[in-house]
Amino acid sequence: MSAATGTKTTTKTVTSSLLSNGWARWSLGLLLPVVILLAWQLSTAAGVFSAVQLPAPRAVLAAGSELIARNELFNHIAISTQRVLLGFAVGAALGVSLGALVGLSKIAEVMLGPTIGALRAVPSLAWVPLLILWMKIGEDSKVTLILIGAFFPVFTTVSLALRHVDKNLVEAARAFGLKGVKLLTTVQLPAVVPAIFSGLRLALAQAWLFLVAAELIAASMGLGFLLTDSQYNGRTDRLLLAIILLAVLGKITDALLGLAEKWAVRRWS
Amino acid sequence: MTDLLTTPIPLAELQGTAAMPVSFHNLGRRFGTGAGAHTVLRDVSFEVKAGEIVALLGPSGCGKSTLLRAVAGLDAPSSGAVSIDGTAVSGIDPRCAVAFQEPRLLPWKSIAGNVTIGVPAESDAAQRRAVVDKLVGLVGLSKFAEHRPREVSGGMAQRASLARALARNPGVLLLDEPFGALDALTRITMQDLLLDIHAAEPTTVLLVTHDVDEALQLADHIILLGPDGSDNPGATIVRTVEVPGARPRDRASTALAGLRSSLLASLGVAGH
């Protein structure tokens, strides 16, 4: 009995120490993608799918190098990333400001809350025709759509979190003459830094989502355009390439934001 | 006096505000409206001379803290008024500084950073740093100036909170049971520290406490709050005591022992 318990404890410690090791975590996280890649390679080599249904991994790679050779791939990636970052930055800034206003002012909450809630309920694609009509098919309409997508998660988390800032801390700061913007930047915003970051991470995911919505419908460049263009031309290899690139870019930007979050939470709590 | 004048920072800048008198005129406070309304304080009138230490003593829930908050301008009385140095308090008053029962320090700022919050906004960066260095030293936290609040003990955090209040150069220092949550030994050390600070910079101090010994040790006058036995609801002043003897007082003195028994009796705790 005691021997069995001992083994169990050892296994547990080994597992937990393995999970806290950076390299082990990386390798374990890469395990599933490698398995998927392997299954993909094997099934295409065995001829389970036709090349149009599912091209081999090598074909996707070849499509990538062809687009690189034609100087197109990096342009697609660059323009898409630029749109996401721009829309995310502006949307997040607006989300923090309006979230602070609604979270701290009762009157603003009563007056703006219902309207913002209703606008949030509008599905992303519903904005596309209107934005194109107003801003034409250019960068503005796309960045605006992404901005809308990034705005709401930040707005919601910030406005909710600000309502639950420690009342004692705020009162103490007010007793020392802090008020308005100074009170916001000294006490209230630092107190909700963890919430701001979880909002930002949701917003970043939304930004990539809305990017594809914007580029699917009206674009001549970008990863969303690559998707539709490949669909019309029956280029499943490029389609898969675009999807993989979206996954990788989304994961990388989220990981970078995660690092910033770690630093900020340590700094502000 | 001379050694203070030879310090690098002019004395006037550190002691910009002189001690100020406080007076309460028929102050009352009700909470709620209609049937749910209840009176916490009524007809509170008394005067505190500039530079005096006055303890507000009473059972918990009697409105001691409410009275203090009215002086700070954190709460507005329902009737009557408080004036500091002859002018009525309305809104948060820059002439006061408060130390609360909990330290209420910003967890993401260092001890020095938290004390800086107390320094009046109009002072420049160099002045600020000088005041903070001096006060952090005064409360014995120089070695911990760059530590976060959670890295220091409760007593140290409370000292930082006191330093933050002093940084404001208050005309009136308001202490809301500042040592109530500390262990007995730390509490005595803190009381001695407060007396040292008061001797060096004699500002007016209003101290809320439920600890009779603390009141006897620190105060010039003790104001006892509670229900006065009439049919009127709410607490009012039931007794005012002038504490004899110069500070620091002998904690074992017989005169204080007699006063302690009599105060405890007034608080409804007989036979001690």
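Fair warning: this is a prediction, and the values are worked out from it, not measured in the lab. Within every chain, numbering begins at 1; the chains are lettered A, B, ... in the order of the sequence lines, protein sequences first and strands thereafter.
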**Q** How about residues 151-182 of chain A versus chain B: which residues have heavy atoms under 4.5 Å apart?
**A**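 Within residues 151-182 of chain A, the residues that come under 4.5 Å of chain B (heavy atoms only) are A/Asn168, A/Leu169, A/Glu171, A/Ala172, A/Arg174, A/Ala175, A/Phe176, A/Gly177, A/Leu178.
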**Q** For B/Ala165, is it the side chain, the backbone, both, or neither that has a heavy atom closer than 4.5 Å to a heavy atom of chain A?
**A**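 The answer is both parts of B/Ala165.
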**Q** Report the residues that fulfil side chain to side chain donor-acceptor pair (under 3.5 Å) with B/Glu102, sequence neighbours left out, ordered by chain and then residue number.
**A**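 Once residues adjacent in sequence are excluded, the partners of B/Glu102 under the side chain to side chain donor-acceptor pair (under 3.5 Å) criterion are B/Arg104.
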**Q** Side chain, backbone, both or neither: which part of B/Arg69 has a heavy atom under 4.5 Å from chain A?
**A**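 Contact with chain A involves the side chain of B/Arg69 alone.
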**Q** Not counting sequence neighbours, which residues clear salt bridge (charged side-chain N to carboxylate O under 4.0 Å, His left out) with B/Asp176? List them please.
**A**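 None.
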**Q** Side chain, backbone, both or neither: which part of B/Pro94 has a heavy atom under 4.5 Å from chain A?
**A**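 Contact with chain A is absent: no heavy atom of B/Pro94 under 4.5 Å.
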**Q** Under 4.5 Å, heavy atom to heavy atom, which residues of residues 81-111 of chain A contact chain B?
**A**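 Checking residues 81-111 of chain A against chain B gives no residue, so none.
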**Q** Stepwise, does the side-chain contact (heavy atoms from CB on, under 4.5 Å) test hold for A/Val187 with B/Ile117?
**A** CA-CA 11 Å; A/Val187 181; B/Ile117 289 188; 5.7 Å; no
**Q** Given a strict heavy-atom distance threshold of 4.5 Å, which part of B/Leu174 is in contact with chain A: side chain, backbone, both, or neither?
**A**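 Neither part.
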